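All of these numbers come straight from a predicted model, not from anything done at the bench.
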Amino acid sequence: MVSLAIGIAIAGYFIGHGLRNINNPDAKNFMESLEEDDEHELIKEKEVHHFIGISKEDAKSLIQEHSDIPHIKINGNVYYPKLSCANGC
């Protein structure tokens, strides 16, 4: 019974979201809006290698060789924007 209620609620959300944009065919769909939210996420320096799929040593070398990669320091921790790493740190 609970799963049926959850299913109806989710369906209502998607139908409502679709109706809201019926007169605006250029509006972003639900998945595009989720991807847009990722653009503002930050990646810790020690996690960059996971995100771009290389070894820790290679990521450390990449970061040292390309010090112009956009980053921010907060409380001594270095963070990189997720978007810039997606485009190849």
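To the nearest 0.5 Å, atoms CD1 (Ile54) and NE2 (His50) are separated by 11.5 Å. If you take CD on Glu41 and CZ on Phe51, they are separated by 8.5 Å, rounding to the nearest 0.5 Å. Rounded to the nearest 0.5 angstrom, Glu47 CD and Lys56 NZ are separated by 10.0 Å. Rounded to the nearest 0.5 Å, atoms CD (Glu45) and NZ (Lys73) are 8.5 Å apart. One finds the NE2 atom of His71 at 9.5 Å from the CD1 atom of Ile63 (value rounded to the nearest 0.5 Å).
Around CG of Asp68, the count of heavy atoms belonging to other residues, nucleotides or ligands within 6.0 Å exceeds 12.
Between the His66 side chain and the Gln64 main chain, no donor and acceptor come within less than 3.5 Å of each other.
Exactly one residue among Ile52, Val48, Ile72, Leu42 makes a side chain to side chain contact (heavy atoms under 4.5 Å, CB included) with Tyr80. That residue is Val48.
No side-chain donor-acceptor contact under 3.5 Å links Ser61 and Glu57.
Here the closest non-hydrogen pair linking Pro81 and Pro70 is CD-O, 3.3 Å. A pairwise comparison of heavy atoms in Ser55 and His49 identifies O-CB, 3.6 Å as the closest pair.
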